[in-house]
Number of protein chains: 2
Amino acid sequence: MEKQVTTCPPGKLKIINAMRSLLEDRTFESLTISEIAITAGVTEGLIYKYFKDKRDLLHHVLKEHYEQFLIQIDRDLQGIDGALNKLKKIIWSSIERYANHRVFARIILLEVRNSEEYFQSEAYALVRQFNRLIIEIINEGVADGEIREDLPPASIRNAIFGTLEHSCLNRAIFNEEVSTNDTAKSITELLFNGIRR
Amino acid sequence: MEKQVTTCPPGKLKIINAMRSLLEDRTFESLTISEIAITAGVTEGLIYKYFKDKRDLLHHVLKEHYEQFLIQIDRDLQGIDGALNKLKKIIWSSIERYANHRVFARIILLEVRNSEEYFQSEAYALVRQFNRLIIEIINEGVADGEIREDLPPASIRNAIFGTLEHSCLNRAIFNEEVSTNDTAKSITELLFNGIRR
DNA sequence: AAATTTAGTAAATAAAATTTACCTTCTGGC
DNA sequence: GCCAGAAGGTAAATTTTATTTACTAAATTT
């Protein structure tokens, strides 16, 4: 009956927040455990109490971000009908997320995919979940005749993800501005109707 | 008058080859200088004689790969007319390169973009050069009426690069097979004509 | 033939990550 | 009311890696 949330110990929270804040303008590799500990105001040992290693902490931060992202996507999709409309909304929401959460964008686009452990992490499980959602929507669109049936759904998903990510790469790397509405509009237009005149 | 090639010292060559070969099935982060030196059959110090640090060596390997890639692209484009035909060929050539040169794909898709130094490297200068080529072709296509003029060229480029890269990500990460012809065909179809039925 | 550069080694140093041993406080069961 | 053990935390040692330094020996230049 009780709220079984097992509230996060303050030290752990401080570590996570320090990591988030340091990643705001530093690369993962350039951060040291000592630096993270100092920023968090805890000792280095405590980091290893809560996380297997530096990467595990990174994956944890990503997981929290991704959970928020999925919750928002879920909301955003409420009441939207039709596969293309759903994809359009997902494109918009994703851009919006990358544009306004640079740490999230940097972690997922630049920092995690180069390690094997990531693909065993809970964060990656969430990514796969999002992937499945997209594939479902594409299949729905093909079934309804909204989407061409001569393209492999995986290709369509790759195009959507790839275009989205590449469009936000300069934001993640160089901190360039991204106009969510304009970018989402161009991408949607492009992917839905093609570049051919 | 002489051939001014300043032939590469054998030790340097051995280091580069060791790096290439280790990256075949290991991530950059997981490699140690000591391991690279042993594989190359040289001492650790020699690596620092020729390269600023571990990353500098990585960038050098990428640069060599990218040079080969650009030479091949140049050849592949010979005699091809029309912006869409050129883009089609570039898509095919890129997929082919990623599919058959996994180390190249891994380095550029997974290992370099997370460091600031990369964007100062000679390797990145080559990437920008390729980028400009694509933009030129897109502009040519718009001018000729082959490509829609209502989409920003940068968006089109992002879509092409992004889709290409995402289509080869599973190849780079999980060593999954990629059929160059099928993949190139789907991507081209998709980007040229859109996913809408 | 002296002077300098080039290719290379071996050992020291520095910088990180990770582990270990320990201390305190709180909590549930007797 | 108390005590065993878990939970939160520290401080210092250890290990692992990257990087630097000081030094040969051969080749090249002058």
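Chain A is the first sequence line, chain B the second, and so forth, proteins listed ahead of strands; every chain is numbered from 1. Every value quoted in this text rests on a predicted model; they were computed, and no experiment measured them.
Between the side chains of B:W92 and B:D76, no donor-acceptor pair is found at a separation under 3.5 Å. B:T27 and A:N114 share no side-chain donor-acceptor pair at under 3.5 Å.
One atom, CG of A:D56, and another, P of C:dT18, lie 11 Å apart when rounded to the nearest Å. Straight-line distance from the OH atom of A:Y50 to the C1' atom of C:dT18: 17 Å, rounded to whole Å. Atom P of nucleotide C:dA16 and atom CD1 of B:I33 are separated by 15 Å, given to the nearest angstrom. Between A:K52 atom NZ and C:dT18 atom P the separation is 8 Å, expressed in whole Å. Taking atom CD1 of residue B:I38 and atom P of nucleotide C:dA10, one finds them 12 Å apart after rounding to whole Å. We find that CG of A:L46 is positioned 14 Å from C1' of C:dT24, with the value rounded to whole Å. If you take CG of A:L57 and P of C:dA17, they are 12 Å apart, rounded to a whole angstrom. Between the P atom of D:dA7 and the CG atom of A:L13 lies a distance of 18 Å, rounded to the nearest Å.
Within 4.0 Å of A:L31, counting heavy atoms only, lie sugar-phosphate atoms of the nucleic acid but no base atom. Among the atoms of the strands shown, only primed sugar atoms or phosphate atoms (P, OP1, OP2) are found under 4.0 Å from some heavy atom of B:T32.
Searching all strands for a Watson-Crick or G-U wobble partner of C:dT24 with both distances below 3.5 Å returns D:dA7.
The listed nucleotides are C:dT19, C:dT9, D:dA11; the one nearest the side chain of B:T43 is C:dT9. In the set D:dG8, C:dT18, D:dT19, the nucleotide with an atom closest to the side chain of A:P9 is D:dG8.
Put simply, B:Y48 has no side-chain N or O that comes within less than 4.0 Å of OP1 or OP2 on D:dT20.
With the nearest nucleotide of DNA chain D identified for both B:S34 and A:E44, A:E44 has the one nearer the 5' end.
Side-chain to base pairing of A:K49 with D:dG8: no donor and acceptor N or O lie closer than 3.5 Å to each other.
Heavy-atom neighbours of B:K185 NZ from other residues, nucleotides or ligands within 6.0 Å: at or below the threshold of 12.
Looking at B:E35 and B:R26, their side chains come closer than 4.5 Å, going by heavy atoms from C-beta outward.
Here the rule is salt bridge (Lys or Arg N to Asp or Glu O under 4.0 Å) with A:E165, and of A:R97, A:R106, A:R113 only A:R113 fits it.
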